[in-house]
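Source: prediction; values computed, not measured. Atom set for the values below is all heavy atoms of this structure, side chains included, hydrogens, waters and symmetry mates excluded.
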Amino acid sequence: MEVEKAEAVELWCRETLPKVMKIVSVLDFHEMSDAGNRLVAALSLPRYQNVKHINLEFARDIEDKHLENLKNKCGNSVMNVETLNLNGCQKISDIGIGFVTSNCSRLKVFSIYWNVRVSDLGIRNLVDNCKLVIDLNLSGCKNVTDESLKLIAENYQGLQLLNITRCVKITDKGLDMILVKCSSLHSLNLYALSSFTDAAYKRISLLTHLRFLDLCGAQNLSDDGLSCIAKCKNLTSLNLTWCVRITDQGVVSLAEGCKSLEFLSLFGIVGVTDKSLEALSGCCSATLTTLDVNGCIGIKRRSRDELLQLFPKLVCFKVHS
C-alpha cells in the first residue's frame, strides 16, 4: 500500500505538478475587460509570485494608472517576468512602460504593437529597467525615431528578434546602428518601410545569423542591395513583396547565396522572369515550401503544376490575399 502511495505521489510530481506550475506562471488577460484591475488583483495573490508571462494583448481598457498600481502594490510579483505582451494597449504611454518595467529586470520578450503614444522616452524607460531583452516588437509605434534604435543598439547587442514594421520616423541612420551592433539578430521585420535607401539594405549583409527578413514594400531595394543580402547564407524566410526595382539579376544572386530558403515572396515584382525560377529551382528546390509569384507578369510558368515541377516540396503558392 505504501509503495502504491509513493508511486502515486511520484506520478503526481512528475506529471501534474509541472502543469500546475505552468498555469501559475502565466497570466493571460488578452481581450478581457477590466484587465488592469484583474492584473493587479491576481498579482496580489501568493500563487502568482513566480509569474513569468503576462499577456495583455488588446486589453484596451488598461491604462497607466493600473500599471502604477501594479508597481506600488505588487511590484515584487513581476520580478521574474520574462515575457510581457502589451500589443494593442493604446492607452499605455511612455510613463506606463516605465511603471510596468521598473521591477522586470529579467524581461526578455517585450511587445507593444500598434501603440502611437509610445515614443523614444518609453524605449529609454525600457532599456534603463530591462537589460536582458532579446525579442522586441515595436510594430506600428509610429512615434519612435532613430533615437530609439540607438538606445536599442547600445543596450541590446544580444538582440535576436526585432520588428519595426511601420515605424515611419526611422531612417537609414537608425537602422545602420542596429545592423552594426546587433549582430546576433536572426529575425528582422522592416515591413512597410519604404524610406530606407539601398545603402542601408546592403548593410543587412552584416547579420550573418539572419534567418527571417521582411522587406515588403522596400521600393528602393536594388539588385545590388539584394546581392548583398544574399550573403546572409542562413536566411530561410524572405518577403520581397512589392520590391519593384528587383530583377532576375538580384534573384539569381539570392538563389546562389541563400540555398536554405523555405519561404520566398516575389509578389508584384514585374521585373522577374522564368530565369529567376530556374535559378531558384537549381539552388533551393530541396527546401522551398512557400513561393508566391502572383503578379509577376514576367514569369510565364506560374501554374500550380508548373511550379511543382520546379519545386516539388511547395505546399503554399499564395501568401497575400
Practice problem: Let me know which of L185, D135, L190, N189 forms a side chain to side chain contact (heavy atoms under 4.5 Å, CB included) with L162. | Solution: L185
Quiz item: Would V144 end up clustered with Y113 when hydrophobic side chains under 4.5 Å apart are linked, directly or stepwise?
Solution: no
Quiz prompt | Pair S119-N143, side-chain donor/acceptor within less than 3.5 Å | solution = no
Quiz item: Is there a donor-acceptor contact under 3.5 Å from the side chain of N294 to the main chain of K318?
Solution: no
Self-check item: Among L221, I178, L226, L213, side chain to side chain contact (heavy atoms under 4.5 Å, CB included) partner for I204
Solution: L213
Quiz item: Is there a path from I97 to I134 through hydrophobic residues (I, L, V, M, F, W, Y) whose side chains come within less than 4.5 Å of each other?
Solution: no
Exercise. Answer with yes or no whether the hydrophobic clustering places V127 together with L132; edges join I, L, V, M, F, W, Y residues whose side-chain heavy atoms lie under 4.5 Å apart.
Key: no
Exercise. Determine, stepwise, if the pair V319 / F263 fulfils side chain to side chain contact (heavy atoms under 4.5 Å, CB included).
Key: CA-CA 10 Å; V319 294; F263 175 107; 3.6 Å; yes
Self-check item: Close side-chain approach of N115 to L86, heavy-atom, < 4.5 Å
Solution: no
Exercise. Check whether the side chains of N129 and S102 place a donor and an acceptor atom closer than 3.5 Å, and report yes or no.
Key: no
Quiz prompt | Hydrophobic cluster identity match, I164 and V116, side-chain contacts under 4.5 Å | solution = no
Quiz item: Under a 4.5 Å side-chain heavy-atom rule over Ile, Leu, Val, Met, Phe, Trp and Tyr, are V252 and I229 clustered together?
Solution: no
Quiz item: Is there a donor in the side chain of S303 and an acceptor in the side chain of D305, or the other way round, less than 3.5 Å apart?
Solution: no
Quiz item: Is any side-chain heavy atom of E68 closer than 4.5 Å to a side-chain heavy atom of N72?
Solution: yes
Quiz item: Distance only, no hydrogens: is a donor on one side chain within 3.5 Å (strictly under) of an acceptor on the other, for N163 and T165?
Solution: yes
Self-check item: Stepwise side chain to side chain contact (heavy atoms under 4.5 Å, CB included) check, F311 with L264
Solution: CA-CA 12 Å; F311 308 98; L264 177 63; over 6 Å; no
Quiz item: Could you go step by step and tell me if V251 and I269 meet the side chain to side chain contact (heavy atoms under 4.5 Å, CB included) rule?
Solution: CA-CA 11 Å; V251 178; I269 304 178; over 6 Å; no
Quiz prompt | F317 and its side chain to side chain contact (heavy atoms under 4.5 Å, CB included) partner, picked from V293, L291, L307, D292 | solution = L307
Quiz item: With no hydrogens and no angle check, do the side chains of S148 and D120 hold a donor and an acceptor under 3.5 Å apart?
Solution: yes
Quiz prompt | Partner residues of R106 under the side chain to side chain contact (heavy atoms under 4.5 Å, CB included) criterion, sequence neighbours left out | solution = N80
Self-check item: Verdict with reasoning, L314 to T290, per side chain to side chain contact (heavy atoms under 4.5 Å, CB included)
Solution: CA-CA 6 Å; L314 279 187; T290 297; 5.5 Å; no
